[in-house]
Amino acid sequence: MSATAPELPDVFKAAPEEPLRSVAGRMAEMLPPGYRVEILGGELVVSPTPSYGHNRHITLIRRQIEAQLPDSLLAMEVLSTGLSGNSGDLATPDLIVVPDTDSDRLDREWLLAPDAVEFVMEVVSPGSSKTDTVAKVDRYASWAIPIYLLVDPRDGTIVCRSDPRDGEYRAVCRFAFGDMVKLPSPLEGVRIDTARLRRYP
């Protein structure tokens, strides 16, 4: 579940001219383990630890993608992406595909530049549907992330968006749980069998 609180405790409020990234950093340090803080559309969004059902979908899909990726790519969870600097949005997708690199500098990074990201996936939580279906569509498209896969256990649907241009995804393919999802470029050839995915109770 995600929530954007209209009133934050003073410790979470930005001082004049203080970047939201600083506030997000303070918030992340004070929240219980398992919470993540994102900045979407200039707002702080806090998400608690996902449910078993949510994580099950991520795991089933991650295993399939990992088995088909070349050695040059890795599928990871809990890795953030966003523009560098102390301002601007950042997001932590449920699943992200990025290059495998031996860069010592990159090993210490918690925030990857969007142009290093090949694929992101979000599994919709009952309380965060607008974040995943609207805010993140806009943000990932504006960052030109090649593929955004949205898995929605509320209604058993999957939307694969690709070909980002001018801040919008030009290609949109829709699937239902049970379909074989074929990913487009740059992950063409990767197939996701969704037969084991199930709708939320």
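Not measured: the values here are computed from a predicted model.
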Engineer: Can you measure from CG (Leu40) to NZ (Lys130) and round to the nearest 0.5 angstrom?
Structural biologist: 12.0 Å
Engineer: Looking at Pro114 and Gly82, what are the two nearest heavy atoms and their distance?
Structural biologist: CD-O, 3.3 Å
Engineer: Minimum heavy-atom separation for Lys136 and Thr92, please, with both atom names.
Structural biologist: NZ-O, 3.9 Å
Engineer: Show the numbers, then the answer: is there a side-chain contact (heavy atoms from CB on, under 4.5 Å) between Thr157 and Phe175?
Structural biologist: CA-CA 6 Å; Thr157 61; Phe175 304 90; over 6 Å; no
Engineer: Rounded at 0.5 Å granularity, tell me how far CD1 in Ile158 sits from CZ in Arg174.
Structural biologist: 12.5 Å
Engineer: Pairing donors with acceptors under 3.5 angstrom, does anything connect the side chains of His57 and Asp94?
Structural biologist: no
Engineer: Between the side chain of Asp163 and the main-chain N/O of Pro146, is any donor-acceptor distance below 3.5 Å?
Structural biologist: no
Engineer: Does some side-chain heavy atom of Ile147 sit less than 4.5 Å from a side-chain heavy atom of Glu118?
Structural biologist: no
Engineer: Do any N or O atoms from the side chain of Thr81 and from the backbone of Leu112 form a donor-acceptor pair under 3.5 angstrom?
Structural biologist: yes
Engineer: Verify the cluster assignment for Val134 and Val45: are they in a single hydrophobic cluster under the rule of side-chain heavy atoms below 4.5 Å apart?
Structural biologist: no
Engineer: Can you tell me if CD on Glu168 sees more than 12 non-hydrogen neighbours from other groups inside 6.0 Å?
Structural biologist: no
Engineer: Kindly work out whether a path of hydrophobic side-chain contacts (I/L/V/M/F/W/Y, heavy atoms less than 4.5 Å apart) joins Val78 to Ile58.
Structural biologist: no
Engineer: Check Val124 against His54 and note the closest heavy-atom contact, atom names and distance.
Structural biologist: O-ND1, 4.2 Å
Engineer: Work out which heavy atom in Pro99 is nearest to a heavy atom in Ala116; give both atom names and the distance.
Structural biologist: CD-O, 2.8 Å
Engineer: Could you measure the distance from the CZ atom of Arg196 to the CZ atom of Phe177? Nearest 0.5 Å is fine.
Structural biologist: 13.5 Å
Engineer: Using only heavy-atom distances, determine whether the side chains of Tyr140 and Glu122 contain a donor-acceptor pair under 3.5 Å.
Structural biologist: yes
Engineer: Would you call Gln64 and Asp193 a side-chain contact if the rule is heavy atoms closer than 4.5 Å?
Structural biologist: yes
Engineer: Is there a side-chain contact between Leu183 and Glu188 (heavy atoms, below 4.5 Å)?
Structural biologist: no
Engineer: Would a 4.5 Å heavy-atom cut-off, applied to side chains only, mark Asp155 and Tyr200 as touching?
Structural biologist: no
Engineer: Rounded to the nearest 0.5 Å, what's the gap from CG on Leu187 to NZ on Lys182? Could you check?
Structural biologist: 15.5 Å
Engineer: Shortest non-hydrogen contact from Asp179 to Thr194?
Structural biologist: O-OG1, 2.6 Å
Engineer: Taking the side chain as everything from C-beta on, heavy atoms only, tell me whether Val23 gets closer than 4.5 Å to Leu44.
Structural biologist: yes
Engineer: From Phe119 CZ over to Leu95 CG, what is the distance, rounded to the nearest 0.5 angstrom?
Structural biologist: 5.5 Å
Engineer: Find out whether Met180 and Ile192 are in side-chain contact, i.e. whether some heavy atom of one side chain is under 4.5 Å from a heavy atom of the other.
Structural biologist: no
Engineer: So, applying side chain to side chain contact (heavy atoms under 4.5 Å, CB included) with Asp100, which one of Asp71, Leu69, Leu74, Leu73 is it?
Structural biologist: Leu74
Engineer: Does Arg191 offer a backbone N or O that forms a donor-acceptor pair with the side chain of Gln68 under 3.5 Å?
Structural biologist: yes
Engineer: So, do Leu111 and Ser80 sit near enough that their side-chain heavy atoms are less than 4.5 Å apart?
Structural biologist: yes
Engineer: Would Leu83 and Ile96 show up in the same hydrophobic cluster when neighbours are defined by side-chain heavy atoms closer than 4.5 Å?
Structural biologist: yes
Engineer: Just checking, any donor-acceptor pair under 3.5 angstrom between side chains of Arg56 and Thr59?
Structural biologist: no
Engineer: Would you say that Tyr169 contacts Ile145 through its side chain, given a criterion of any heavy-atom pair below 4.5 Å between the two side chains?
Structural biologist: yes
Engineer: Before giving the answer on side-chain contact (heavy atoms from CB on, under 4.5 Å), spell out for Asp89 and Trp143 the whole-Å C-alpha distance, their side-chain angles and the decisive distance to 0.1 Å.
Structural biologist: CA-CA 10 Å; Asp89 290 358; Trp143 290 340; 3.9 Å; yes
Engineer: Taking Gly88's backbone N and O only, do any of them form a donor-acceptor pair with Arg21's side chain (distance below 3.5 Å, no angle check)?
Structural biologist: yes
Engineer: Could you give me the CA-CA distance, side-chain angles and deciding distance for Leu149 and Val181, then say whether side-chain contact (heavy atoms from CB on, under 4.5 Å) is met?
Structural biologist: CA-CA 10 Å; Leu149 190 72; Val181 175; 4.3 Å; yes
Engineer: Could you tell me the separation between the CG atom of Leu90 and the CD1 atom of Ile39, rounded to the nearest 0.5 Å?
Structural biologist: 4.5 Å
